[in-house]
Amino acid sequence: WDTAKIKRVRVMNGHLSRIGALTWSSKILSSGSRDKQILQRDIRQNENYFQRFTSHRQEVCGLKWSFDEQQLASGGNDNKLFIWSPHANNTLYKFTSHRAAIKALAWSPHQHGLLASGGGTADRTIKFWNTLEGIEIDSIDTGSQVCNLLFAKNTNEFVSTHGYSQNQIVLWQYPQMQKVVSLTGHQSRVLYLAMSPDGQSIVTGAGDETLRFWNLFPQSAEQQQDQTFIVLPLSLIHISEPTRLLSISYAVFCLKKK
């Protein structure tokens, strides 16, 4: 789709059943399906796909490219986690310690080759992998289904979203694996998670048909340097309801530098 023109640009075929996972790597779009296949599509080419991965034995429900675009992680309903290279048709590594479907996948932007994966209701764990050496390095039982994972851009923290029974959003410190805060409000499992471009906020979507916005992360050092703070007395500012602000003597404004 052309998002500016709200116009369909192209239709790409190839799968035999529903497509439940998508992830981008520059001009390469990877898709995973209930037909157990992962198709690699170059949107610059006329062909529907140029490469196919077929190691999963059940539906592919999670896909994520690493930040350096050299490894692709895939999770399936077969409880398997595979690591792929764009330069080969065979898997680099196969991990089998999850006991439920693997939908939640996230690569660390701070540590090369660090992958986090989350298991479903029968598993409930978040596991961490060194994909350069093919080893599991840590695991924690969260007590509930893991639906999404996302590393912070500006700090060494990550977010997990969950299903039964609390439908919570949890902020963790890494590698200490300490909970910073647990956020509740959704009435159903939190199926969707995305981060704002500046890395400070997240938005979550759930089966309760609501979107919720959360301000979780601090600014980066570059963002702080790119702002100027101005303190003005309230006498210079028009306030329509001053009775609500009797205890405030100054207003602080944050302006971005051009």
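The figures here come from the full heavy-atom set of this structure, side chains too, leaving out hydrogens, waters and symmetry mates. By convention here, the first residue in the shown sequence is residue 1.
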Could you go through Q166 and S144, starting from their C-alpha distance and side-chain angles, then the distance that decides it, and tell me whether this counts as side chain to side chain donor-acceptor pair (under 3.5 Å)? CA-CA 8 Å; Q166 296 184 38; S144 59; over 6 Å; no

Please confirm whether the backbone N or O of [Y] pairs with a side-chain atom of [X], one donor and one acceptor, at under 3.5 Å?
{"X": "N148", "Y": "V190", "value": "yes"}
{"X": "T131", "Y": "G113", "value": "yes"}
{"X": "S33", "Y": "R18", "value": "yes"}

Working to the nearest 0.5 angstrom, can you tell me the gap between [X] [atom1] and [Y] [atom2]?
{"X": "C61", "Y": "D78", "atom1": "SG", "atom2": "CG", "answer": "8.0 Å"}
{"X": "L115", "Y": "S66", "atom1": "CG", "atom2": "OG", "answer": "9.0 Å"}
{"X": "D42", "Y": "S25", "atom1": "CG", "atom2": "OG", "answer": "10.0 Å"}
{"X": "L150", "Y": "T204", "atom1": "CG", "atom2": "OG1", "answer": "11.5 Å"}
{"X": "L29", "Y": "L63", "atom1": "CG", "atom2": "CG", "answer": "9.5 Å"}
{"X": "I83", "Y": "Q70", "atom1": "CD1", "atom2": "CD", "answer": "13.5 Å"}

Would a single hydrophobic cluster contain both [Y] and [X], if residues Ile, Leu, Val, Met, Phe, Trp and Tyr are joined by side-chain heavy-atom contacts under 4.5 Å?
{"X": "F158", "Y": "I140", "answer": "yes"}
{"X": "L171", "Y": "M195", "answer": "yes"}
{"X": "F217", "Y": "V180", "answer": "yes"}

Just checking [X]: does its [atom1] atom have more than 12 heavy atoms from other residues, nucleotides or ligands closer to it than 6.0 angstrom?
{"X": "N90", "atom1": "CG", "answer": "no"}
{"X": "K80", "atom1": "NZ", "answer": "yes"}
{"X": "R189", "atom1": "CZ", "answer": "no"}
{"X": "Q45", "atom1": "CD", "answer": "yes"}
{"X": "F50", "atom1": "CZ", "answer": "yes"}
{"X": "R10", "atom1": "CZ", "answer": "yes"}

List the steps, then state whether side-chain contact (heavy atoms from CB on, under 4.5 Å) holds for V170 with T142. CA-CA 10 Å; V170 182; T142 67; over 6 Å; no

Step by step, work out the side-chain contact (heavy atoms from CB on, under 4.5 Å) result for I38 and L72. CA-CA 10 Å; I38 300 169; L72 172 66; 4.2 Å; yes

Evaluate the criterion side chain to side chain donor-acceptor pair (under 3.5 Å) for residue pair N167 and H186; output intermediate values, then yes/no. CA-CA 6 Å; N167 309 314; H186 282 296; over 6 Å; no

Can you label the angle between the F53 ring and the W84 ring as parallel, tilted or perpendicular, going by 30° and 60°?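 The rings of F53 and W84 lie parallel, inter-plane angle below 30°.
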
Please confirm whether the ring centroid of F82 lies under 6.0 Å from the ring centroid of H56.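 Distance test on ring centres: under 6.0 Å, yes.
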
Does a donor on one side chain and an acceptor on the other come within less than 3.5 Å for Q51 and N89?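 Side-chain D/A pair, Q51 to N89: present.
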
Picking from K94, H98, R99, what satisfies side-chain contact (heavy atoms from CB on, under 4.5 Å) with T96?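 Of all the options given, the one that passes is K94.
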
